[in-house]
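This report concerns only the one structure given below.
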Amino acid sequence: GGWKYDEDKGKDWKEHPVIHMVKHGLNVGLNSDDPAVFDTSLTWQYRLAVGKMGLTKLCIVDSLYHSISAAFVSEEDKSL
């Protein structure tokens with residue numbers, strides 16, 4: 001979720017907020033939120049991002065770097 005959609009037509013993944021964030025040059029990090037509650041995985045989130053949202057594999061790689069950059073760990077740990 002996180003975006004408005006027509007319940008009759010279903011979700012338009014091309015209108016997900018992350019698409020607009022990437023288009024506007026914001027740093028985004030994809031995650032699996034709480035896999036035990038939402039029955040998902042990071043792999044599944046990447047598949048949705050590429051397959052349904054239309055993000056490129058380069059966008060996925062960029063999101064990995066953004067996630068590392070934003071992590072609350074030492075610079076030494078980020079460089080591993």
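For the numbers below, each heavy atom of this structure counts, side chains included, while hydrogens, waters and symmetry mates do not.
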Under 3.5 Å, sequence neighbours excluded: what are the donor-acceptor pairs made by side chains of residues 48-65?
residue, atom, partner, partner atom, Å
Thr56, OG1, Leu58, N, 3.4
Thr56, OG1, Cys59, N, 3.1
Ser63, OG, Ile60, O, 2.7

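Between Gly29 and Ser67, the closest heavy-atom pair is CA-OG, 3.4 Å. Smallest separation of non-hydrogen atoms from Leu30 and Leu42: O-CD1, 3.7 Å.
Between the His16 side chain and the Val18 main chain, a donor and an acceptor come within less than 3.5 Å of each other.
A search for salt bridge (Lys or Arg N to Asp or Glu O under 4.0 Å) contacts involving Lys78 returns Glu75, not counting sequence neighbours.
Among residues at least two apart or in separate chains, side-chain hydrogen bond (donor to acceptor under 3.5 Å, both in side chains) pairs with a member in residues 39-49 are Thr40-Gln45.
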